[in-house]
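For ligands, and for the atoms within them, numbers begin at 1 and follow the listed sequence.
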Amino acid sequence: MSYFPEIPKIRFEGPASKNPFAFKHYNPDEVIEGKTMRQHMRFGAAYWHVMRNGLSDPFGGPTALMPWDDMSDSVDNAIKRADVFFEFLDKIDIDYYCFHDRDISPELPTLAQSNAALDKVTDHLKALQSATGKKLLWGTACLFSHPRYSQGAGTSPSADVFAYGAAQVKAAMDATHKLGGEGYTFWGGREGYATLLNTDMKRELDHLARLLHLAVDYAKKIGYTGQFYIEPKPREPSTHQYDSDSAACLNFLRQYGLIDYFKLNLETNHATLAGHTMLHEMTVAIDANALGSVDANQGDELIGWDTDQFPTNIYLTTSIMRKILEMGGLTTGGLNFDAKRRRESHDPADLFHAHIGGMDAFARGLKAAAAIRADGRLAEFVAKRYSSWDSGVGAQIENGELGLDEISAHVLSQAEPTIPSGRQEMLENLINDFI
Ligand code: XUL
Ligand code: CO
């Protein structure tokens with residue numbers, strides 16, 4: 001039985017193709033810098049957006065047509081959705097997926113019932129994975145939708161709510177482990193505050209760290225060796241979220257002795273909300289050896305919220321792929337399309353157009369990034385810009401060989417320093433030459 005009978009399997013047809021159901025640039029087997037595009041990208045589809053996002057917004061209800069979904073909280077409905085999703089993965093040729101526990105399986109009146117449903121659905125997902133070779137990039141627990149989490153989960157003022165969240169994390173980790181998930185993500189949905197008037201920030205942060213340590217300990221106990229991620233986002237739904245950006249997350253992880261166990265899952269639209277570029281967020285993470293995975297989307301510069309659009313900006317995908325190539329590639333992580341269609345794009349076919357566009361945009365980004373690296377002028381310019389540190393007084397300062405008195409004596413013997421142009425516009429032109 002096919003849920004997308006009109007949609008063919010999406011294949012690479014090349015830039016001249018006019019077929020909207022074909023890749024123009026993503027050629028999974030094409031080798032770039034020694035790896036196939038498929039290996040570089042490790043594309044993932046987000047279960048919550050593909051299967052569960054009805055495309056409602058603050059002003060109106062769902063528009064997405066999901067003829068396969070009876071909208072019930074039954075396990076049968078959840079299992080049917082999984083079948084639809086795996087047909088989607090097959091046709092779009094995406095190897096990985098990501099989920100929240102409550103996307104794949106319903107939240108029922110008691111934790112015991114929810115856990116039992118999750119078990120049944122993950123049995124089915126496991127069978128689908130082994131039948132198709134599709135893999136779980138990461139799993140996570142939804143600790144932000146249910147009203148009990150309205151004041152946080154790990155940072156809730158209620159110890160009982162914290163405990164419920166921790167129990168949900170246990171079950172979501174068991175599910176991720178069972179499905180061979182390569183990672184497990186914490187996104188601080190409501191881990192922040194609406195107002196400081198009622199908030200003991202220090203205590204909340206201590207508790208959040210406790211939750212992450214509990215997860216690390218539990219992973220050791222069950223032999224789960226996947227990578228933990230923390231996903232920064234500054235606000236929405238909270239006024240301020242503790243995991244606000246790469247730097248704040250790294251500081252938190254270091255302060256609480258978690259830095260060896262976590263990497264960052266960076267999302268483009270979250271970077272924008274934090275007032276940063278994705279390039280900035282990636283640079284901060286990579287310099288700390290902590291970039292794990294990417295939630296690939298883009299925001300709208302005219303709308304101030306998390307619009308989660310599909311990435312189509314080739315300038316953006318080029319900068320992302322340049323950083324990924326620079327760091328030596330993704331290992332456990334991938335490019336997970338945490339992106340949704342616009343509310344107007346309600347047809348199931350739009351799921352395909354959206355992902356094709358994102359995959360092609362990343363393919364073009366990868367090709368441009370590799371060409372920029374092969375050209376070498378950008379890297380050479382940066383190396384030369386710092387070359388005064390490679391020898392002489394620069395090298396001595398870098399190596400800690402000089403004190404302030406020696407540096408002062410050196411300067412007194414020299415003429416006024418001169419500094420070459422930063423050549424920003426020339427470098428912007430250079431990048432555009434490859435796009
Ligand atoms: C929300 C968001 C989440 C996380 C997983 O903005 O990005 O979907 O990726 O909880
Ligand atoms: Co995300």
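Checked by atom type, the side-chain pair Asp338/Asn297 shows no donor-acceptor distance below 3.5 Å. A donor atom on one side chain and an acceptor atom on the other are found under 3.5 Å apart for Tyr242 and Glu204. In this model, a donor atom of one side chain and an acceptor atom of the other lie less than 3.5 Å apart for Asp174 and Tyr218. A donor-acceptor pair shorter than 3.5 Å cannot be found between the side chains of Gln241 and Ser244. Donor-acceptor pairing under 3.5 Å is recorded for the side chains of Asp70 and Ser72. Defined by atom type and a distance below 3.5 Å, a donor-acceptor pair is missing between the side-chain atoms of Thr268 and Gln298.
Among the atoms of Asp308, no N, O or S atom falls under 2.8 Å of the Co ion (ligand 2).
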Open item on the list: Please determine whether ring pair (Phe, Tyr, Trp, His ring centres under 6.0 Å) holds for the pair Tyr261 and Phe228, giving the CA-CA distance in whole Å, both sets of side-chain angles, and the decisive distance to 0.1 Å.
Closed with: CA-CA 6 Å; Tyr261 304 104; Phe228 281 112; 8.1 Å; no
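A donor-acceptor pair under 3.5 Å links the side-chain atoms of Lys178 to the main chain of Asp119, judged by distance alone.
Note on Asp338: its N/O/S atom closest to the Co ion (ligand 2) is OD2. Taking the Co ion (ligand 2) as reference, Glu267 places its N/O/S atom OE1 nearest. When distances from the Co ion (ligand 2) to the N, O or S atoms of Glu231 are compared, OE2 comes out shortest. Taking the Co ion (ligand 2) as reference, the nearest N/O/S atom within Asp295 carries the name OD2.
Contacts of ligand 1 (protein heavy-atom distance under 4.0 Å) are Trp48, His100, Trp138, Trp187, Glu231, Lys233, Glu267, His270, Asp295, Asp306, Asp338.
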